Amino acid sequence: MSTPLTREQLARRIARAIPDGAFVNLGIGLPDQIPDHIPAGREIFLHSENGILNMGPRPPAGEENWDLINAGKQPVTLRTGGSFFDSSLSFAMMRGGHLDISVLGAFQVSERGDLANWSTGIGEGVPAVGGAMDLAVGAREIWVMMEHTSRHGHARIVRDCTYPLTARGVVKRIFSNLAVIAVTADGLEVEEILPGLSLDALRAQTEAPLRPGAMRPLEG
Amino acid sequence: MSTPLTREQLARRIARAIPDGAFVNLGIGLPDQIPDHIPAGREIFLHSENGILNMGPRPPAGEENWDLINAGKQPVTLRTGGSFFDSSLSFAMMRGGHLDISVLGAFQVSERGDLANWSTGIGEGVPAVGGAMDLAVGAREIWVMMEHTSRHGHARIVRDCTYPLTARGVVKRIFSNLAVIAVTADGLEVEEILPGLSLDALRAQTEAPLRPGAMRPLEG
Amino acid sequence: MLDRRVADFAQAIAGIGDGATILLGGFGGAGTPLGLVAAVHAAGLKDLTVIANNGGSAEPDLSLWLAAGQVRKLVCSYPKSKLNTTASFSELYLAGKIELELVPQGTLVERIRCGGAGLGGFYTPVGAGTALAEGKETRMIDGREHVLEKPIRADVALLRARQADRLGNLTYNMAARNFAPVMATAAELVVAEVEEFVEPGAIDPEAVVTPGIFVDRVVLKGAPR
Amino acid sequence: MLDRRVADFAQAIAGIGDGATILLGGFGGAGTPLGLVAAVHAAGLKDLTVIANNGGSAEPDLSLWLAAGQVRKLVCSYPKSKLNTTASFSELYLAGKIELELVPQGTLVERIRCGGAGLGGFYTPVGAGTALAEGKETRMIDGREHVLEKPIRADVALLRARQADRLGNLTYNMAARNFAPVMATAAELVVAEVEEFVEPGAIDPEAVVTPGIFVDRVVLKGAPR
């Protein structure tokens, strides 16, 4: 069996899935790495919810401008043809369905596409939501990028989220380090699976029922 | 008795009442003439609901720009320090209470400050409201500029508007060709009256009850 | 490479069908996309629902569609015009040949913004207690009556702008801006007729009014019909 | 002659009292008006309700007020910060010394816009079915659950901008724009700390982001404290 995808391989897999010309918002955390892997010749437009469209990579050291940061508060650049706007228009872009894809990290995804990615529940200290709920409701397609199971080996693809919900029924596709899974009206369908990993072995690490779909080999 | 104010004199009276530095929207029709009479040295900022702040006078013939028109679709100019914005922000300025004064024409005003200025009722043909209702609800002070009675001699300051309402309880002050009347919690109060015109004679042309207030002479 | 530019008006309006709901930019003549209006007229599209601030004038604007009987319903704040000449909105309306939904101007633009911003509705004090609130849900908020207004979205937005780059970033010309930036957010297909094409980056990123994400096609004002 | 410019930070914050509700601009460090924050800190204002996207960091930002016990309540989307150092929001919150109203970021800015635009509330799909909608009225609209959200207005807005003229027209600097143009519409007293004063007309009328009608005072970033 192949080893599970590294984070970099997973970022590369997702980068390949983003079509040319797409407007995309990448959540804070894991999805950060995706832009480094966009295939050559493909033009992707990155949105940042603090009011940037066509965001570019981090500038070289010493050239940071702290008025030009992304939603994770890291310095970025603006690509030619980019624009700045206020938070109101920025969130109108999301909620209004103007973004093609949003790629988010997650703690849990349910078989119906419910998403839990903002809080691990009561007792964790200070709650904070940022733009997580807005993003989850807004883009035309919500993709989740996550490790298939938690650090402690618990399933993250579940029948019902036990963590506080971010939004109900929004996730369209899950990219994990073991599989690519589509959320359909009939439940979860395995589109890609790690070469050499059996469907039963994948099911053993997944709480929600999985149906075999295309079952193509997952490549990083 | 002095003759009733001409339209020009009425415009001059209102122009004097607008404080220095005020942000003002002037309705289409009678209020159009007010800017010509702003006292020297006073700076007034005119708002036009189609997205202009600090609007200037009509340009000389031959210099009209048909992308720079006022709400009455007449060519205007932009004064130094003016700005353009979309209709959404323009109406937010109104409804949000950011304009100091709006001076509107009217068919009728009630003793409680109800305003009827957009329609003379069913059977008049095609209805049209434009920004009338937005303006009537929005500015901090709504002033009405009108002839005291209709062309047919009917009272326009009434107990209850018989024409379709524009907004309820919004008018603060009525400037007519006979008097300046404040709308107070206790009803209508005559602040200024045409020299030589008795309160009883004014009452005879007014359906709503009038209380004497300062009763200063009305001067054009 | 993303390129929103199209070469002629036929391409600019391609795919718009009979029965379409169209957001039409402009306040009076300022901001009306006359080339796009002419193209839709020439295409003979029928049964249109048009959302626009005005009801057409003596110009070859919405009046063209009205005269040709292309419009089923108008959603509008000010359908009257002193400049109406032939087969005007007034004639059609009084003859019962067109439906009218009259909306206060600020409520009209706010309803379009509401649609474009993915919201479900809003409460406004404008119109409360008037004939234009009849049949609408109302609610007292902080002692003041408010009317519940619903979002407006459309199949198409036809707009006029000043500059566009290939990404669809737009600027406008003075008071011709009016409804356009909001209408650009609220339609499935957004087409702008522009005075000038510029290179990406030529518009200051701080001065882009409509970011290209909202725009599908841009066509030069002088392009072939 | 209208002149919004004030000479120092004491004048900039004059009249703000204990118990004030303050809209504080900025997203992370971008757009936080550090001079105004320092002035409010130095003035020792107490019992403040602060509406801001973030809860302060290691910078001399909102953290200053939090450490000095000046804040009674925070309305915020992201109060946590990895950069929190001393007497952070987290400490106060976990000790029960501060009240928190957590609001999704897009809903936060929309509520402020709603207040500034004179509307009574709006329905949004964001937050529906989550803990942040608990206790809020909901409604099905087109088959989708929506939450009723209320407008936010404040006594004061403290903002950072790039350029200002004497009329209060403002431009911003890149992503430091964020909440400021909306916050400028929703407070009784709007104060902007700016990098530069310019003559009226120096800012392109098409590129004014916040028209001066919304602004009460502007102060230079480097003005005397």
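The shown structure was predicted, so the numbers you read here are calculated from the model rather than taken from an experiment.
Contact of the A:L78 side chain with the D:M174 side chain is not registered, since no non-hydrogen atoms from C-beta on lie closer than 4.5 Å. Side-chain atoms of A:V137 and D:R144, non-hydrogen and from C-beta on, do get closer than 4.5 Å to each other. Between D:Q105 and A:V129, the closest side-chain pair of non-hydrogen atoms is not below 4.5 Å. Inter-residue side-chain proximity for D:L132 and A:W118 is flagged as met; some heavy-atom pair is nearer than 4.5 Å.
Of the atoms belonging to D:L100, it is side-chain heavy atoms, and not backbone ones, that fall under 4.5 Å from chain A. Neither the backbone nor the side chain of D:R162 comes within contact range of chain A, judged by heavy atoms closer than 4.5 Å. Interface remark: A:D114 contributes no atoms to any contact with chain D (heavy atom separation under 4.5 Å). When heavy atoms are compared at a cutoff of 4.5 Å, D:F179 approaches chain A by way of both its backbone and its side chain. Proximity to chain A (any heavy atom under 4.5 Å) is restricted, for D:V103, to the backbone atoms N, CA, C and O. Of the atoms belonging to A:A136, not a single heavy atom falls under 4.5 Å from chain D.
The OH atom of D:Y78 sits 6.0 Å away from atom CD1 of A:I28, with the distance rounded to the nearest 0.5 Å. With values rounded to the nearest 0.5 angstrom, A:F91 atom CZ is found 8.5 Å from D:T107 atom OG1.
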Passes salt bridge (Lys or Arg N to Asp or Glu O under 4.0 Å), D:E110 versus A:R95? Steps please. CA-CA 11 Å; D:E110 192 65 24; A:R95 268 190 326 256; 3.5 Å; yes
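In terms of heavy-atom pairs under 4.5 angstrom with chain D, the leader among A:T166, A:D67, A:I69 is A:D67. By number of non-hydrogen pairs under 4.5 angstrom with chain A, the leading residue of D:A176, D:P104, D:A180, D:G28 is D:P104. Highest contact tally toward chain A, considering only D:V182, D:V209, D:N178, is held by D:N178 [criterion: heavy-atom pairs under 4.5 Å]. Of all the listed residues (D:G31, D:A30, D:G106, D:G26), the one sharing the greatest number of non-hydrogen pairs under 4.5 Å with chain A is D:G106.
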